[in-house]
A.B. asks: 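My structure is below; once you've seen it, I'll send some questions.
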2 protein chains.
Amino acid sequence: MSTIYDVARAANVSPKTVSRVLNGDAPVGRETRRAVEKAMAELGYVPSSAARTMRSNRSGLIGLVTGAISLNPEQPSLSGLPDLFIVQGVQKSLEAAGMTLLISDTGGNADRVPSLLRTFVQHRVEGIIFVADYHKQVKLPPLPGETKLVLANCFDAAGTPAIVPDDMQGQRQLVRRMIGEGHRRIAYLTLSRSLVATGLRTEGYRAALEEAGLAFDPALVIEADVTPPDPEAEERLLTRALDQVLALSDPPTAICLGNDRMAVRAYGLLRSRGLELPRDISVAGFDDYRAIAESLYPKLTTAELPYAQIGARAAETLLALIRGEAHSDGTPERVRGRIAWRDSVQPPPATSITISSHGRKTE
Amino acid sequence: MSTIYDVARAANVSPKTVSRVLNGDAPVGRETRRAVEKAMAELGYVPSSAARTMRSNRSGLIGLVTGAISLNPEQPSLSGLPDLFIVQGVQKSLEAAGMTLLISDTGGNADRVPSLLRTFVQHRVEGIIFVADYHKQVKLPPLPGETKLVLANCFDAAGTPAIVPDDMQGQRQLVRRMIGEGHRRIAYLTLSRSLVATGLRTEGYRAALEEAGLAFDPALVIEADVTPPDPEAEERLLTRALDQVLALSDPPTAICLGNDRMAVRAYGLLRSRGLELPRDISVAGFDDYRAIAESLYPKLTTAELPYAQIGARAAETLLALIRGEAHSDGTPERVRGRIAWRDSVQPPPATSITISSHGRKTE
DNA sequence: CGATGTCATGACATCGGTGTCATAATCGCA
DNA sequence: TGCGATTATGACACCGATGTCATGACATCG
């Protein structure tokens, strides 16, 4: 593998001049530059980032830690893959900046984080991005002083720069739009209440109701999922919650589920109770897990978790930190997702509106 | 950041001795070792892989190219994520060997491969793994002579070491087991015939029939999907194919679909035709895309694509190559997946068996 | 016209490890 | 008991870039 010296010799210049051509950090004569470029091409020269790193302390590497890639046989694929979209977003932004991504996976085992970080330090990464599999608070092991760090899809108590999804706005927009379709009684069967997202989304749900002048009915909001995942409990909770809201004297015409996977199960349960979707009742998910949402019939209306954007923003924030631009105001940056409006939410059936004393629409 | 010299001074030894403690490549006195380790701990010393790479030409890095992480907005998530399990498998094996993974994503754009490879060369990766999003033949741009390369989930004409799923055996085992449940008429609605996997799986399907002494009926095998994905065409093809086999005078009691996503759609179509699953008809998928297979009702029986294992084998093969162990026999290594036997395949209904002239079972 | 600044280039030291070779002490065994 | 093998350690050069400083040729300006 040829070196900068080989190129210098071939172009009849000094190595330093070749370096200048490479980095464009000082003027180089037109003819000289041409000669150097020719020599580089002919020799197939590719600079060694190791050598550059050593002298200049810029490795061009960014470390990323995720638990995402990991498939945990015990714990199927609840969180699973989606946060890889975050990685994708990160990668795209970093590549544009000429950085290369070093990805490590905890394999679901938080104990391994220190060891992964050590590997990163060995490679002298210029910054680290920590990606969580779902919106949560984390506590990271202490990092060697100056390390630049950004959190994606999570945040910590120390005010480390963080990018998270705007769960509140997501649910709010979704419910607002459902109300726009004519729904007045909207149930919300949530993920485990222990999740950060659940609190925020419930806020969004209530905000949307309030804006529309609708009363908040606690009977319509039920925690119907658990963390960590447990197929049996999930089944039981969702079934009970569904039956509970359906049995209300004034039952909902639409149901929001905590995520798209819950929505899949809700489809099955509702059908087995003789309801036809989306005619008899509307259903909405959350996450926009496309492999699911687009395959179902009817195609699932849901709120997007803007993973790719979270990744992109995390990368941009980190690059800014590296450039030395102060950035952190201590509050996580919230990224708003789109509403994926598909077919599972339709205007409420006329009968239902009539039955419920909230009828205001015609026919 | 402290260096090996700092450690040497603190431990009162030469830098070379510290190096020996680090690498364990030469005997070091018990007391000396202890002193060095203490000094390293106190100084928080982490060796610079850049420096090591320069002198020893071992970067400890492996490059991995995938189109997988990429989300292509045009082309939803057909292939999408599953091959990330390959990455996971690779990572696990490499980490055990002390290697770090450099991951690059083509973003679905093959033109970017050369540029990604250049980045890898800059970082002096010791080998490269190329991961495809589905089993296919690929043609890679020429690599600088000696580069160690392994293909995962794909293969090329040049006989580059490659690891692929054993599609033939997967389908064969699946069908064999369905036959074991009593099915005699099994339809197979395949993915696009242009896919490598389709040919192999059809072979497997026929092999299983043959072993059971069942005749192969071409009317039961229909191409019912397209590549690249096109929601409209997919819908049309699957609908037509389903109706076609259901209308046969001797209709199937079970249907194999080309993948799990097709199975999801088949669930919907079959139900909308008044069939109850799994009572009236059995359905099987392929891939074992768990987020789907386990969420459906009934839970989908399917053949696993052993992504994690493919990744692990690819990593092991590459490590062997790097160690200089000749390995490539020019034929791709096939990795066999498990059958994920869930609830969607049940014994055929008695009536159906009676009607079909193949009846051999009772009741 | 001399002082100063910019362009273009090179010499040289240096980043932090490790390969090579040398050296001294100790050990095993003929 | 003597000699080759092994243990334990250090001196030194070197990997391939780049930072720093120096130098000469022009250009600009007061």
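Only a predicted model underlies this, so the values are computations on that prediction, with no experimental measurement involved. To find a chain, count down the sequence lines: A is the first, B the second, and so on, and within it residues start at 1.
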A.B. asks: Near DNA chain C, counting only heavy atoms under 4.0 Å, which residues of residues 49-62 of chain B show up?
C.D. replies: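 Going residue by residue through residues 49-62 of chain B, the ones with a heavy atom under 4.0 Å of DNA chain C turn out to be B:A51, B:R52, B:M54, B:R55, B:S56.
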A.B. asks: Go through B:R34 and B:E31 one step at a time and tell me if the salt bridge (charged side-chain N to carboxylate O under 4.0 Å, His left out) criterion holds.
C.D. replies: CA-CA 5 Å; B:R34 216 188 307 276; B:E31 277 312 309; 3.3 Å; yes
A.B. asks: Searching all strands shown, indicate the nucleotide that pairs with D:dC29 (Watson-Crick or G-U wobble; both distances under 3.5 Å).
C.D. replies: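 The base-pairing partner of D:dC29, which may sit in any strand shown, is C:dG2.
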A.B. asks: Give the rounded distance in Å between these two atoms: OH of A:Y5 and P of C:dA13.
C.D. replies: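 It is 12 Å, rounded to the nearest whole Å.
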A.B. asks: Without decimals, in angstroms, what is the distance between B:R124 CZ and D:dC15 P?
C.D. replies: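 That distance rounds to 14 Å.
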A.B. asks: Can you measure A:L22 atom CG to D:dT18 atom C1' for me and round it to whole angstrom units?
C.D. replies: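 Between C1' of D:dT18 and CG of A:L22: 11 Å.
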A.B. asks: Taking only heavy atoms on the protein side, list every residue of residues 6-21 of chain B lying under 4.0 Å from any atom of DNA chain C, sorted numerically.
C.D. replies: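 Residues of residues 6-21 of chain B that come under 4.0 Å of DNA chain C are, in numerical order, B:K16, B:S19.
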A.B. asks: Could you tell me whether a side-chain N or O of A:Q137 sits under 3.5 Å from a main-chain N or O of A:V196, the two making a donor and an acceptor?
C.D. replies: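 No; zero donor-acceptor contacts below 3.5 Å.
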A.B. asks: Strictly distance-based, threshold 3.5 Å: is any side-chain N or O of B:E126 a donor or acceptor partner for the main-chain N or O of B:G60?
C.D. replies: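 Yes, because the side chain of B:E126 sits within donor-acceptor range (under 3.5 Å) of the backbone of B:G60.
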A.B. asks: What's touching nucleotides 3-8 of chain D from the protein side, N or O pairs under 3.5 Å?
C.D. replies:
none

A.B. asks: Tell me the interatomic distance from A:D25, atom CG, to D:dT18, atom C1', rounded to whole angstroms.
C.D. replies: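 Distance, rounded to whole Å: 8 Å.
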A.B. asks: Rounded to the Å, how far apart are B:Q122 CD and D:dT18 P?
C.D. replies: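 Taking atom P of D:dT18 as the reference, CD of B:Q122 is at 10 Å.
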A.B. asks: Using purine N1 to pyrimidine N3 plus N6-O4 or O6-N4 for Watson-Crick, or N1-O2 and O6-N3 for G-U wobble, both under 3.5 Å, which nucleotide pairs with D:dC3?
C.D. replies: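 Checking every strand shown, D:dC3 finds its partner in C:dG28, with both distances under 3.5 Å.
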A.B. asks: Looking at A:N153 and A:A132, would you say the former's side chain and the latter's main chain have a donor-acceptor pair under 3.5 Å?
C.D. replies: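 Yes; at least one donor-acceptor contact below 3.5 Å.
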A.B. asks: Whole-Å distance between C:dG16 P and B:L43 CG?
C.D. replies: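 One finds 13 Å between P of C:dG16 and CG of B:L43, rounded.
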A.B. asks: B:H123 NE2 to D:dC15 P: how many Å, rounded?
C.D. replies: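 The distance from NE2 of B:H123 to P of D:dC15 comes to 22 Å, rounded to the nearest Å.
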A.B. asks: So if I apply the side chain to side chain donor-acceptor pair (under 3.5 Å) rule between A:S49 and each of B:Q122, B:H123, B:R124, which one comes out positive?
C.D. replies: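 When B:Q122, B:H123, B:R124 are each tested with A:S49, the side chain to side chain donor-acceptor pair (under 3.5 Å) holds only for B:H123.
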A.B. asks: Measure the distance from CE on B:M40 to P on C:dG16 and round it to the nearest whole Å.
C.D. replies: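 After rounding, the gap between these two atoms is 17 Å.
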A.B. asks: Say whether, by atom type as modelled, one donor and one acceptor occur between the side chain of A:R112 and the main chain of A:D105 under 3.5 angstrom.
C.D. replies: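 Side chain of A:R112 to backbone of A:D105: a pair is present.
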